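This is a predicted model, so every value here is computed, not measured. What you see below is based on every heavy atom in this structure, not just the backbone, and it leaves out hydrogens, waters and symmetry mates.
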Amino acid sequence: MKNQFHFLMGAFVLCAAVSGFGQWTNRYPKLANVAHHVYLEGFNLPTMNVGATDPAVSPDNARLAFAVRGWIWVMDLNSREAKRLTKTSAVDARPAWSPDGKQIAFVRDNSRDTSTVLLDLASGRERVLIDSPAIDLDPCFSPDGKIVYYSSAEAGDLDLWQIELATGTKKRLTTERGQEMMPQPFPDNSGVFYLAKVSGSSDTIQILKFNDSAKKVVRDEGIASQMRPALLANSSINLSK
């Protein structure tokens, strides 16, 4: 009985050690200021789904882009016919249309890191737009189609960035400690609406104004890891309210 007790206690200690060790490992590039990376990887990165996710309506309201089974698809909303656009073995997700409807930017997750890919719809050609050594997420086009806004941990934790499509020039837009994700530009391109997550605090929906870098929390959302913000076509920034 005594030997059996020692065996069970040894097994318990071994399992606890393995469990504790597993809690702190990370499959994707590690972010600064994130205590439990497993939660970030589970909630904030693309997921493989049998059903459709990440719906995005084209600028002319005639097509719908979405992700299914790790591929990007586009459906004609009149005929209800869908066409698969990507064929990679990675997980492609979170499509975003260019204002002219000719390109789609999306996240590609190869199970070790993420990148942003630009797809030309007419030719089917792909261009890797962003592939830093860190996690890159949530691309979206500026209203004039010249810039892609996105979230990247290139500087340590997830910040908002922009990249000019013509030159490839990148600019970091936020520097706060925490995670800024899911940017959506205002129609006049005066700023972006985004989700901010700070360890130990509630998630918040914020506005960043470009001309003076002013920021405002517009809503406290508790836990909002699965949120996908969207703006009305006539939205404008008002930081006085």
Side-chain angles (χ1 to χ4, degrees), residues 26-34 36-49 52-56 65-68 70-72 86 88 90-98 103-119 126-142 147-165 168 170-185 192-199 203-208 221 223-231:
N26 55 289
R27 184 181 185 90
Y28 293 77
K30 189 77 169 65
L31 270 68
N33 307 317
V34 177
H36 303 287
H37 214 264
V38 64
Y39 297 134
L40 180 139
E41 294 184 9
F43 289 117
N44 299 126
L45 299 187
T47 56
M48 170 75 80
N49 286 307
T53 61
D54 308 327
F66 54 92
V68 173
W71 301 307
I72 301 297
T86 62
T88 178
V91 175
D92 296 336
R94 303 181 186 175
W97 292 88
S98 62
Q103 299 179 94
I104 289 177
F106 62 90
V107 176
R108 174 160 288 166
D109 184 341
N110 65 9
S111 82
R112 294 290 181 181
D113 195 8
T114 61
S115 58
T116 296
V117 178
L118 201 60
L119 173 66
E126 293 183 0
R127 167 190 168 193
V128 178
L129 182 63
I130 304 155
D131 190 14
S132 76
I135 292 173
D136 304 303
L137 297 169
D138 306 327
C140 64
F141 286 86
S142 63
I147 290 172
V148 167
Y149 300 108
Y150 63 103
S151 177
S152 176
E154 185 173 350
D157 57 16
L158 285 167
D159 300 298
L160 300 186
W161 291 68
Q162 70 174 43
I163 183 169
E164 295 180 2
L165 295 180
K170 295 191 291 186
K171 179 182 178 181
R172 186 181 177 190
L173 302 177
T174 61
T175 59
E176 288 77 16
R177 183 178 183 272
Q179 304 163 41
E180 291 83 50
M181 298 177 290
M182 308 173 195
Q184 289 292 313
V192 289
F193 177 80
Y194 63 98
L195 173 66
K197 299 169 66 70
V198 179
S199 179
D203 299 345
T204 58
I205 301 170
Q206 299 192 22
I207 292 172
L208 167 65
E221 275 296 325
I223 298 176
S225 298
Q226 300 297 317
M227 189 194 78
R228 290 290 175 266
L231 289 170

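Proximity of V107 to D54: side-chain heavy atoms (C-beta onward) are nowhere separated by under 4.5 Å.
Residues satisfying the salt bridge (charged side-chain N to carboxylate O under 4.0 Å, His left out) test with D138, not counting sequence neighbours, are R94. With sequence neighbours excluded, the residues that form a side chain to side chain donor-acceptor pair (under 3.5 Å) with R172 are D159.
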Verdict with supporting geometry, E180 and L158, side-chain contact (heavy atoms from CB on, under 4.5 Å): CA-CA 6 Å; E180 291 83 50; L158 285 167; 6.0 Å; no

R27/R112 under side-chain contact (heavy atoms from CB on, under 4.5 Å): CA gap, chis, key distance, verdict: CA-CA 6 Å; R27 184 181 185 90; R112 294 290 181 181; 3.7 Å; yes

side-chain contact (heavy atoms from CB on, under 4.5 Å) assessment of Q184 paired with C140: CA-CA 7 Å; Q184 289 292 313; C140 64; 4.3 Å; yes

side-chain contact (heavy atoms from CB on, under 4.5 Å) between L173 and Y149, worked out: CA-CA 9 Å; L173 302 177; Y149 300 108; 3.9 Å; yes

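Of the N and O atoms on the side chains of D109 and T114, not one donor lies less than 3.5 Å from an acceptor on the other residue.
Between L118 atom CG and Q103 atom CD the span is 4.0 Å, to the nearest 0.5 Å. Note that NE2 of H37 and CG of N44 are 9.5 Å apart. Values are rounded to the nearest 0.5 Å. Separating the CG atom in L160 from the OG1 atom in T174 is a distance of 4.0 Å, to the nearest 0.5 Å.
With hydrogens and angles ignored, the 3.5 Å screen pairs a side-chain donor or acceptor of W97 with a backbone N or O of A56. Of the possible donor and acceptor atoms, one in the side chain of W71 sits under 3.5 Å from a partner among the backbone N and O of T88. Judged purely by atom type and a 3.5 angstrom limit, T204 has no side-chain atom pairing as donor or acceptor with the backbone of Q206.
The minimum heavy-atom distance linking G42 with T47 is given by the pair O-CG2, 4.4 Å. Across D131 and V128, no two heavy atoms sit closer than the pair CB-CG1, 3.8 Å. When all heavy atoms of Y194 and M181 are compared, the pair lying nearest together is CB-O, 3.4 Å.
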